[in-house]
Amino acid sequence: MQNKTKQQLVDDLLELRMDVSELSTSEIRQRMAEKELKMENSIASSIFDIVGALIIVMDAKGRIKQFNRTCEKITGYSFEEVKGLSFWELFISPGETEEIKEAFKELQAGEPSNEFESYCITKEGSPRLISWSNSIIHQDGGEIESIIGTGIDITRRKEAEEALQTKVEELSRSNAELEQFAYVASHDLQEPLRMVTSFVQLLARRYKGKLDDDADEFIHFAVDGANRMKELINDVLTYSRVGSKKKEFKPTDCKVILEQVLINIRLFIKERGAVITYDDLPTVLADSFECIQLFQNLITNAIKFHSEKQPQVHIGVERRGDEWVFSVRDNGIGIHSEYFERVFFIFQRLHGRDKYLGTGIGLAICKKIVERHGGRIWLESEPGNGATFYFTLPYRTGDDLE
């Protein structure tokens, strides 16, 4: 009002068919204030109708006094059809829980009410899930003037969440069944394989050199095949067991883990003349047994794929935000970038067994372990210039570790 020019005031008064000369200053201000109030009410009414949320104004007993267009659109009822009805009749279906009923009763009693969800049955008979929040307008004497309910239709979101949850449960069940199948199948294969291996090795000891060259070669292939199958079954068992027992994560000193790994593979390190160095490693919240598998697989891989140089492996670590980033760097043959993702898939081999032994499961086990711990794993490499495998584990403070 104070920002209007005299000319604007005159124009406004002319619209009201008033003679400026016949009105006092106070009357002019009053009339203009009334006009501005009317305009503000008009704007508020427009917002009330065009807003995308359901808005209901009720009296102290929950009877509907105002009902915006979004309510009409979602429920299928016009304001004239619901005017005077209670909020309970329209928006709280008979099957709702006592908790929702109590929340609304508390609201009617003038107490602060928590947000709640309830099903509204539309005019067509279909249920819509509404998320409500409410506020109270009091009179000067403290009595309730109005209850304002604001609702959001979350039916589709709820349906999407339920569908996603169903998919997650199905996937979880499928994964559990696959892990169980891998374990049982591998375990059940052990006994017949043990028998085959024993008899083939017996043939090799008893008849090697006594038959022709072809027989010796056939026996060699059979022994080698049996040994490869045994190694493969053991690796499948190892893969299927990752996370199967769901051991509780505990504070794990990575330096102690690494020292244990170096003891486990000391002969392998000595045979290849490898040099292992490492940073000061942190304590993390983890499954210690799986951490041993993780470090052991990465270090043996780094040594195995060596070049003509003396194998050198360095285990590094640095903190980045809320995670530890570990690295296992070698000076081996390296990997082409096109294989960076493929190497983490189960049974994926980039080299023939005649050059590098293995089943192609080791890095898949590493990936499974890291992801179970809430981390990620990747690599950087150039052919001929070695490779660096990175993986992350969540950073934990002293209190978290305790």
Side-chain angles (χ1 to χ4, degrees), residues 231 234-235 238-239 242 251-284 286-320 323-337 339-344 348-370 373 375-393 395:
E231 183 183 2
N234 286 334
D235 282 354
T238 300
Y239 183 82
V242 173
T252 303
D253 188 339
C254 290
K255 181 181 179 182
V256 174
I257 293 295
L258 182 58
E259 289 172 349
Q260 182 60 54
V261 168
L262 297 180
I263 292 172
N264 294 347
I265 62 173
R266 60 186 180 278
L267 292 179
F268 183 70
I269 294 173
K270 184 177 180 181
E271 288 172 359
R272 286 157 178 77
V275 176
I276 312 294
T277 58
Y278 52 90
D279 293 345
D280 186 20
L281 301 179
T283 295
V284 297
D287 181 326
S288 58
F289 178 75
E290 290 185 355
C291 277
I292 289 175
Q293 288 181 295
L294 173 61
F295 278 98
Q296 190 161 308
N297 284 352
L298 290 174
I299 293 171
T300 53
N301 256 23
I303 298 173
K304 182 195 302 182
F305 296 100
H306 64 82
S307 61
E308 296 178 354
K309 304 174 185 176
Q310 179 187 30
Q312 294 184 352
V313 181
H314 180 76
I315 297 91
V317 66
E318 64 174 300
R319 181 185 165 190
R320 296 181 188 170
E323 62 185 10
W324 290 109
V325 180
F326 291 83
S327 60
V328 179
R329 185 179 71 247
D330 64 59
N331 63 340
I333 60 175
I335 303 173
H336 284 280
S337 59
Y339 301 120
F340 283 3
E341 294 294 330
R342 178 180 163 187
V343 294
F344 295 107
Q348 294 298 309
R349 293 178 52 84
L350 304 184
H351 307 278
R353 283 185 54 84
D354 56 336
K355 191 170 185 180
Y356 297 103
L357 298 177
T359 60
I361 299 180
L363 289 176
I365 291 173
C366 292
K367 185 174 187 291
K368 193 174 182 182
I369 290 172
V370 169
H373 284 74
R376 51 203 170 86
I377 187 168
W378 71 98
L379 73 96
E380 294 177 1
S381 178
E382 291 182 7
N385 291 322
T388 303
F389 282 82
Y390 296 92
F391 66 90
T392 65
L393 294 176
Y395 169 78

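Note: hydrogens, waters and symmetry copies are ignored here, and every other heavy atom, side chains too, is used. Starting from 1, each residue takes its place in the sequence as its number. This is a predicted model, so every value here is computed, not measured.
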Can you sort out the partners of Arg376 under side chain to side chain donor-acceptor pair (under 3.5 Å), two or more places apart, ordered by chain and number?
-> Glu323

Please round to the nearest 0.5 Å and tell me the distance separating atom CG of Leu298 and atom CZ of Phe391.
-> 6.5 Å

Looking at residues at least two apart in the chain, or sitting in another chain, which of them share a side chain to side chain donor-acceptor pair (under 3.5 Å) with His314?
-> Thr277, Asp279

What distance separates Thr388 OG1 from Glu382 CD, expressed to the nearest 0.5 Å?
-> 10.0 Å

Cys254 side, atom SG; Ile315 side, atom CD1 - distance, nearest 0.5 Å = 11.0 Å

Rounded to the nearest 0.5 Å, how far apart are CG of Leu262 and CZ of Phe268?
-> 12.5 Å

Return each pair, listed once, that meets side chain to side chain donor-acceptor pair (under 3.5 Å) where at least one residue sits in residues 254-263; pairs must be two or more places apart or across chains.
-> Gln260-Asn264

So, for Ile276 and Ile303, which heavy atoms are closest and what is the spacing to 0.1 Å?
-> CD1-CD1, 4.0 Å

May I ask you to decide if the ring planes of Trp378 and Tyr390 are parallel, tilted or perpendicular, using 30° and 60° as cut-offs?
-> parallel

Please report the shortest heavy-atom distance between Gln296 and Val261, naming the atom on each side.
-> CA-CG1, 3.6 Å

Heavy-atom pair of closest approach, residues Ile257 and Ser288 | CD1-O, 3.6 Å

Please report the closest heavy-atom contact between Gly362 and Asn297, naming both atoms and the distance.
-> O-ND2, 3.3 Å

Who are the side-chain contact (heavy atoms from CB on, under 4.5 Å) partners of Arg266, not counting sequence neighbours?
-> Ile263

Closest heavy-atom contact between Val370 and Ile377?
-> CG1-N, 4.2 Å

Looking at Leu379 and Val343, what are the two nearest heavy atoms and their distance?
-> CD2-CG2, 3.6 Å

Asp330 side-chain N/O to Ala387 backbone N/O, donor-acceptor pair under 3.5 Å = yes

Value for OG1 (Thr392) from CH2 (Trp324), rounded to nearest 0.5 Å, stands at 12.5 Å

Between Phe389 and Phe344, how do the two ring planes meet: parallel, tilted or perpendicular, split at 30° and 60°?
-> perpendicular

Interatomic distance, Gln293 atom CD to Ile365 atom CD1 [nearest 0.5 angstrom] | 6.0 Å

Looking at residues at least two apart in the chain, or sitting in another chain, which of them share a side-chain contact (heavy atoms from CB on, under 4.5 Å) with Gln310?
-> Val275, Gln312

Who pairs with Ala286 by side-chain contact (heavy atoms from CB on, under 4.5 Å), at least two apart in sequence or on another chain?
-> Thr252, Val284, Cys291, His373

Between Ser381 and Gly386, is there a donor-acceptor pair closer than 3.5 Å when you use the side chain of the first and the backbone of the second?
-> yes

